[in-house]
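Please read the structure below before turning to the comments.
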Amino acid sequence: MKINLLFFGPLTDITGCSATTVEEVKDIETLLEKISIQYPGLKNQRFVIAVNHDIVKTNTPLPDKSEVAFLPPYAGG
Amino acid sequence: MKKNVLTEGAIPPSFIAESISKHSSKKNIGAHSIFLGQVRNDVINEEEVQAIEYSAYREMAEKEFAIIREEAFERYDITCMHLHHSIGKVKAGEISLFVFVSSAHRPPATEACRWVVEAIKSRVPVYGKELFADQKYTWKKSEQDQDIKEEDALKGL
C-alpha cells in the first residue's frame, strides 16, 4: 500500500520536497513516527494534517492511496 | 461550469473594472463592496520584498473557497460574490486578492465583504514566498498563527 504525502509552505524547505510517498503506514500516528525519523526538522514545526482534503484532529486510519497534506499556518489573502 | 478562484499571476485592474461593468445589467443591486489585496514592499532584515510567489493546496483551497462562498450567502443578504486569489508570482504594487460582493443595500455588502476577506485569510491553505532582489526569500508569516490551536495540531511530533 502507498500513501501520497504533500508538504506546503516552509515545510517544503525543511523536508526538501513538496511531494513524496510512503509505504505501509496504517494510520496518522504511524505516519508521524515514520516521518519524524525521516525529516527530523519537522519536530519543531506547527502544522495541521489533512487526509484527502479534510483536516484530521485525531488518529485516523489511512486507506491505500490516501493523500496526506502537511499544512503550516496559512498565509493567503 | 464552476470557475476556480485561484488565478495565475497578478489580477489586472482592467479585470476589476470589467467585473464592475458586467454588473450594470443587474438592476436590483444597490451596493458593491470591493476588497483588493495588494502586494506590499515590506522591508525584512533591511531587504525589500520585490514580489510574493503564492502557492496553495489547490483542491483543498478551492473547496474551502466554495464553502466560504456558501456561508457568506447564508449569513448575509447578498446578491452575488466574486472571488479571485492569485497563484504564482505577483510583484509589489500588483493585486493578488479581489473580493467583490454585491447586494441591494449597503450593510450586507460591506459586512459580507469584510467577513469573506477574514475567512479567506484564516481558512484557505495558501502560502507565499516573499522574494527579495538577490534570489533570497522568506516565507510570508500567517497573520493568525494562533488560529491553529494546540488541540487542533496533532500531538506527538
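Proteins come first, then strands; the chains are lettered A, B, ... in the order of their sequence lines, and each starts at number 1. The figures here come from the full heavy-atom set of this structure, side chains too, leaving out hydrogens, waters and symmetry mates.
Crowding of B:R58 atom CZ: a count of heavy atoms from other residues, nucleotides or ligands under 6.0 Å not exceeding 12. Residue A:N4 qualifies as enclosed at atom CG: its count of foreign heavy atoms under 6.0 Å is above 12. Atom CG of B:N45 has 12 or fewer heavy atoms from other residues, nucleotides or ligands within 6.0 Å. The neighbour count for A:K34 NZ, taken as heavy atoms of other residues, nucleotides or ligands under 6.0 Å away, is above 12.
For B:P125 against A:L71, the heavy-atom pair with the smallest separation is CB-CD2, 4.3 Å. Nearest heavy atoms, B:K121 versus A:Y74: O-CB, 4.2 Å.
Cluster membership for B:V39 and B:L6, using ILVMFWY side-chain heavy atoms within less than 4.5 angstrom, is shared. B:V5 and B:I95 fall into different hydrophobic clusters, defined by Ile, Leu, Val, Met, Phe, Trp and Tyr side-chain heavy atoms under 4.5 Å apart, directly or through other members. Both A:I35 and A:L62 sit in one connected hydrophobic cluster of ILVMFWY residues. Membership requires side-chain heavy atoms under 4.5 Å apart, directly or through other members.
The side-chain heavy atoms of A:F8 and B:S55, taken from C-beta on, include no pair separated by under 4.5 Å.
Looking at B:V117, there are no atoms closer than 4.5 Å to chain A (heavy atoms on both sides), in backbone or side chain. With a threshold of 4.5 angstrom between heavy atoms, B:F98 does not approach chain A through any atom at all. Heavy atoms closer than 4.5 Å to chain A are found in the side chain of B:Y54, but not in its backbone. For B:A56, the part lying near chain A is the backbone, with the side chain staying farther off; criterion is any non-hydrogen pair under 4.5 Å.
Between chain B and the options A:L6, A:N52, A:D13, A:T12, heavy-atom pairs under 4.5 Å are most frequent for A:D13.
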Test side chain to side chain donor-acceptor pair (under 3.5 Å) on B:Y57 and A:E67; report intermediate values, then the result. CA-CA 11 Å; B:Y57 186 13; A:E67 183 173 277; 2.5 Å; yes

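The residues B:K63 and A:D54 are annotated as salt-bridged, a charged nitrogen and a carboxylate oxygen being separated by less than 4.0 angstrom.
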